[in-house]
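Down below is the structure, laid out as structure tokens.
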Amino acid sequence: MTIHQLINERVQAALAAAGAPDAPAVVQPASKPEFGDYQANGVMGAAKALKTNPRALAEKVVAALDLAGIADKVEIAGPGFINIHLAPEYLSRRSEAALKDDKLGIAPVKPLRVMVEYSSPNLAKEMHVGHLRSSIIGDALARVMEYVGHDVVRANHVGDWGTQFGMLVAYLVETSHAGDADLQLSDLETFYRNAKIRFDESEDFANTARDYVVKLQGGDEEVLKLWRQFVDVSLKHCEEVYEKLNVGLKREHVRGESSYNDDLPIIVQELREKGLLTEDDGAQVVFLDEFRTQEDKPMGVIVQKKDGGFIYTTTDIGAVRYRHRELKLDRVIYVVDARQSQHFAQMFSICRKAGFAPEGMKLEHVGFGVMMGDDGKPFKTRSGGTVKLIELLHEAEERAYALVSEKNPDLSDEQKREIANAVGIGAVKYADLSKNRMSDYIFNWDTMLAFEGNTAPYLQYAYTRVQSVFRKAEDYDANAKIVITEPAEKQLAAALAQFEDTLNAVVEGCYPHYLSQYLYHIATLFSRFYEACPILKSEGEVRASRLQLAALTAKTLRTGLDLLGIKVLESM
Ligand code: ARG
């Protein structure tokens with residue numbers, strides 16, 4: 001059991017013994033050290049429901065509360081708060097167990113089959129900054145879910161289908177004749193732009209493009225081959241970004257929109273058989289009672305256009321159906337821009353009604369806000385264009401390289417490059433992952449690359465500081481006992497014991513910033529501990545014990561940063 005679950009259970013039992021079995025215990029980490037380590041705030045609510053004096057009820061609860069071996073002091077404060085002070089010996093044993101365990105002592109969960117769908121760019125163009133948030137938030141969630149023991153399926157639902165691809169294939173044929181297709185494809189952005197110019201200027205070209213769309217949809221092998229060639233090049237661009245970003249998406253995780261193409265007519269047919277379809281102005285529409293138009297009428301969601309074509313929603317319905325039938329998932333998480341929330345809510349609703357997603361399969365849209373420039377507007381280049389993701393990442397490395405060279409001019413160029421990669425990319429990722437994903441945030445190089453404050457460089461540096469202690473401590477004994485006497489030791493150990501609760505919270509709400517905040521808290525407590533409790537200057541058991549706390553701090557920081565997809569360094 002996690003420390004939070006354990007205390008919650010004990011307080012719950014005490015509430016029951018005191019005559020309030022239905023009241024929630026409301027246990028949470030204490031807001032200030034004076035209040036101990038945990039607070040139980042449920043007594044006030046319970047007293048209100050029972051129409052009794054809260055202080056008196058709190059006394060009964062405390063009398064019935066069995067925290068033997070866990071807490072060494074339990075106090076009542078204010079109108080009926082219960083403050084719980086953990087016993088140092090209990091924290092020592094927990095810390096020792098966490099150090100010995102590969103997974104820092106976290107208990108195995110009942111494994112669920114969880115899909116995390118993320119990144120999912122459209123392949124017609126190169127990845128731009130708009131794909132950053134999904135790629136890094138999704139990757140962090142996949143890592144944490146996997147770490148706690150779930151059976152994670154990563155999915156990259158790329159946009160690889162639709163009319164644009166006719167145009168791109170037509171242009172590919174044209175440039176291949178001219179013999180410079182490879183060269184042209186090395187810059188997809190320009191390739192797309194040139195294709196569009198040809199499409200707009202030449203009626204012949206436009207007709208060929210339309211013809212290719214029909215052939216693609218009809219499964220024409222020749223055209224499919226060209227289309228695959230284009231998709232392959234585009235995916236290579238994405239993989240270059242994933243590699244640089246340290247995001248774990250590989251070719252095997254790609255299952256694009258095209259793969260549901262053959263299912264789309266079947267989907268529409270099944271929706272019709274279930275009586276969910278209405279023909280509206282030639283289009284096939286599902287009307288949903290629970291979504292209302294401005295005139296307070298049921299909202300209609302198109303699944304097939306008047307011309308017979310299918311749309312984004314139809315493909316997503318196809319993907320849900322596939323994910324249930326073929327993959328038997330328990331939980332599907334869509335890490336997609338919050339602006340698509342209505343699309344997902346409606347699409348999920350259609351899938352439930354049609355029986356494509358049984359109740360037991362949870363469908364969640366994990367949205368996120370906008371990344372903005374210093375001007376508070378969506379992030380753009382100076383001239384107002386979209387910023388290519390790979391270029392942004394190169395800039396991050398260059399800026400970190402300059403910082404490292406200034407701080408540490410004597411390092412070899414290779415070392416500087418390695419640090420620049422970890423720090424530059426880490427800074428970009430952490431700036432995002434440290435904020436509530438639902439809020440918009442301002443992308444600012446100086447803040448994210450600062451060595452002070454809640455940043456990746458600060459945490460990476462904190463980690464190297466801990467590691468440097470071990471380079472000077474040749475007597476480190478990995479089996480030494482932990483003995484907690486000082487307040488700074490106790491606070492650090494109590495926070496380290498919350499690792500599992502933190503991960504569980506990330507898994508439950510899909511909020512990576514809980515983990516970032518936690519790691520920052522640990523780094524801050526470590527530096528207080530480091531100042532208040534000399535490690536290398538102390539001796540004997542005290543020294544051995546403090547080294548153990550330092551070792552657990554390092555292990556927690558390293559694991560936590562790795563779960564966020566951020567690299568650590570041994571020195572920097
Ligand atoms: N390709 C889409 C875009 O770039 C995002 C896809 C999100 N996933 C989904 N299942 N609809 O906007």
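Ligands are counted one by one from 1 in listed order, and the atoms in each one are counted from 1 as well. The figures here come from the full heavy-atom set of this structure, side chains too, leaving out hydrogens, waters and symmetry mates.
- If you number the atoms of ligand 1 from 1 as listed, the ones under 4.0 Å from a heavy atom of Tyr334 come out as 10 (N).
- Looking only at distances, a side-chain donor or acceptor of Lys103 sits under 3.5 Å from a matching main-chain atom of Tyr147.
- Taking distance alone, with nitrogen or oxygen atoms compared against 3.5 Å, His343 stays at or beyond that limit from ligand 1.
- Considering only non-hydrogen protein atoms, atom 10 (N) of ligand 1 sits nearest to Asp316 OD1, 2.7 Å.
- Residue-level proximity to ligand 1 for Tyr118 is absent, since no heavy atom of it falls below 4.0 angstrom.
- Less than 6.0 angstrom separates the ring centroid of Phe443 from the ring centroid of Phe379.
- Note: no N/O pair closer than 3.5 Å links Glu257 and ligand 1 by distance alone.
- Judged by a 6.0 Å distance limit and a 45° cone about the ring axis, Arg255 is positioned over the six-membered ring of Tyr322.
- If you check each of Ala155, Ser120, Gly159 against atom 1 (N) of ligand 1, the one with the closest non-hydrogen atom is Ser120.
- Against a heavy-atom cut-off of under 4.0 Å, Phe344 is close to the following atoms of ligand 1: 9 (C), 11 (N).
- The shortest N or O to N or O distance between His131 and ligand 1 is not below 3.5 Å.
- Under 4.0 Å is where a charged nitrogen must lie from a carboxylate oxygen, and between Asp330 and Lys362 no such pair does.
- Atom CG of Leu564 is separated from atom CD1 of Ile137 by 11.5 Å, given to the nearest 0.5 angstrom.
- Of all protein heavy atoms, the one lying nearest to atom 6 (C) of ligand 1 is Tyr312 OH, 3.3 Å.
- When hydrogens are left out, the protein atom nearest atom 12 (O) of ligand 1 is Gln340 NE2, 3.4 Å; that is the closest non-hydrogen contact.
- Taking a cutoff of 4.0 Å between a charged side-chain nitrogen and a carboxylate oxygen, Lys244 and Glu397 qualify as a salt bridge.
- Between Arg251 and Asp232 there is a salt bridge, since a side-chain N of the basic residue sits under 4.0 Å from a carboxylate O of the acidic one.
- A salt bridge is defined here as a Lys NZ or Arg NE, NH1 or NH2 lying under 4.0 Å from an Asp or Glu carboxylate O, and Glu174 with Arg198 meets this definition.
- Listed by number with element, the atoms of ligand 1 under 4.0 Å from a non-hydrogen atom of His157 are 8 (N), 9 (C), 10 (N).
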